[in-house]
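Predicted model only: the values in this text are computed from it and were never measured.
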Amino acid sequence: MQQVKSGDTVKVHYHGKLNDGSTFDSSEGREPLEFIVGSGQVIKGFDDAVLLMVPGDKKTVNIAVENAYGERNDEMMMEYPRSEFPADMIPEIGMELHMSDNQGNVFPVVIAEIADDMVILDANHPLAGEDLVFEIELISIV
């Protein structure tokens, strides 16, 4: 059978967990995830994990933080004036918002802290700083 190599388009089912066993994502009940291996469409550790698999293979891989979403970065924490929020919006810790940069790119942030006149926003990926565990099943090489 053909083994996965860089540049192949593959379809996989997966179950992503944290080290404590809690699930953060799964393809269960959905179509398989389709991506081009080595293209950067998925995290490096996931990309590397499917290499050399053949259709029907299943494996469990531990992906260290540096091959996942990286370490948390304090520079991704930003202060935002509370007065800039819409008058009818009540900021709450854990609330997810979407901001845009000067180039019009939209990115998610989470309210991490609320002070009298400032709100601290966290733009780190929610899985930054986490080692991940994936159960992967290669469905096909397209």
Practice task
Output, in order, the C-alpha distance, side-chain angles, deciding distance and verdict of side-chain contact (heavy atoms from CB on, under 4.5 Å) for Met95 and Ile90.
Solution key: CA-CA 10 Å; Met95 181 183 283; Ile90 300 169; over 6 Å; no

Problem - From CA spacing to verdict: side-chain contact (heavy atoms from CB on, under 4.5 Å), Val109, Glu96 - result: CA-CA 6 Å; Val109 296; Glu96 186 173 310; over 6 Å; no

Practice task
Could you give me the CA-CA distance, side-chain angles and deciding distance for Glu137 and Val12, then say whether side-chain contact (heavy atoms from CB on, under 4.5 Å) is met?
Solution key: CA-CA 5 Å; Glu137 177 183 5; Val12 300; over 6 Å; no

Exercise for the section: Check the pair Leu97 / Val110 against side-chain contact (heavy atoms from CB on, under 4.5 Å), numbers first and verdict last. Expected result: CA-CA 6 Å; Leu97 307 170; Val110 174; over 6 Å; no

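Shown here are the salt bridge (Lys or Arg N to Asp or Glu O under 4.0 Å) partners of Lys59, two or more places apart in sequence or in another chain: there are none. Taking the side chain to side chain donor-acceptor pair (under 3.5 Å) definition, one finds that Gln41 meets it with Ser39, sequence neighbours left out. Here Asn105 pairs with Asp101, Gln103 under the side-chain contact (heavy atoms from CB on, under 4.5 Å) rule; sequence neighbours left out. Partners of Asp57 by side chain to side chain donor-acceptor pair (under 3.5 Å), not counting sequence neighbours: none found. Residues passing the side-chain contact (heavy atoms from CB on, under 4.5 Å) test with Lys44 are Asp48, Asn67, sequence neighbours excluded. Applying the salt bridge (Lys or Arg N to Asp or Glu O under 4.0 Å) criterion to Asp8, with sequence neighbours excluded, gives Lys5. Applying the salt bridge (Lys or Arg N to Asp or Glu O under 4.0 Å) criterion to Arg72, with sequence neighbours excluded, gives Asp122. In terms of the salt bridge (Lys or Arg N to Asp or Glu O under 4.0 Å) criterion, residue partners of Asp25 (sequence neighbours excluded) are, by chain and number, Arg30. With sequence neighbours left out, the side-chain contact (heavy atoms from CB on, under 4.5 Å) criterion links Glu113 to Ile120. Partners of Glu71 by side-chain contact (heavy atoms from CB on, under 4.5 Å), not counting sequence neighbours, listed by chain and number: Val65.
A pairwise comparison of heavy atoms in Glu135 and Thr60 identifies CG-OG1, 3.6 Å as the closest pair. Nearest heavy atoms, Ile139 versus His13: CD1-CD2, 3.5 Å.
Transitive grouping of hydrophobic side chains (ILVMFWY, heavy atoms separated by less than 4.5 Å) brings Met99 and Ile93 into a common cluster. Cluster annotation: Val10 is connected to Val61 through the hydrophobic network of ILVMFWY side chains, with a link wherever side-chain heavy atoms come within less than 4.5 Å. A chain of hydrophobic side-chain contacts below 4.5 Å, direct or via other Ile, Leu, Val, Met, Phe, Trp or Tyr residues, connects Met89 to Leu121. Hydrophobic clustering, with ILVMFWY side chains joined whenever heavy atoms are under 4.5 angstrom apart, keeps Leu51 apart from Val54. Transitive grouping of hydrophobic side chains (ILVMFWY, heavy atoms separated by less than 4.5 Å) brings Val50 and Leu33 into a common cluster.
Partner Ile141 forms a side chain to side chain contact (heavy atoms under 4.5 Å, CB included) with one of Lys11, Gln2, Gln3, Met53 and no other, that one being Gln2.
Not a single donor-acceptor pair under 3.5 Å links the side chain of Ser140 to the backbone N or O of Val142.
Side-chain contact check for Val4 versus Leu52: every heavy-atom pair is 4.5 Å or farther apart. For the pair Lys17/Ser22, no side-chain contact is recorded, criterion being any heavy-atom separation below 4.5 Å from C-beta on. A 4.5 Å side-chain heavy-atom check between Ile63 and Val133 finds every atom pair outside the cut-off. Using a 4.5 Å heavy-atom cutoff, the side chains of Leu18 and Asp131 are not in contact. Side chains of Phe35 and Thr9 form no contact here, defined as non-hydrogen atoms less than 4.5 Å apart.
For the ring-ring contact (aromatic ring centres under 6.0 Å, His included) condition, no pair includes a residue of residues 92-116, sequence neighbours left out. Applying the ring-ring contact (aromatic ring centres under 6.0 Å, His included) test to residues at least two apart or on different chains, the pairs with a partner in residues 115-142 are Phe24-Phe134, Phe46-Phe134, Tyr69-His125.
Taking CD1 from Ile43 and CG from Leu132, the interatomic distance works out to 5.0 Å, rounded to the nearest 0.5 Å.
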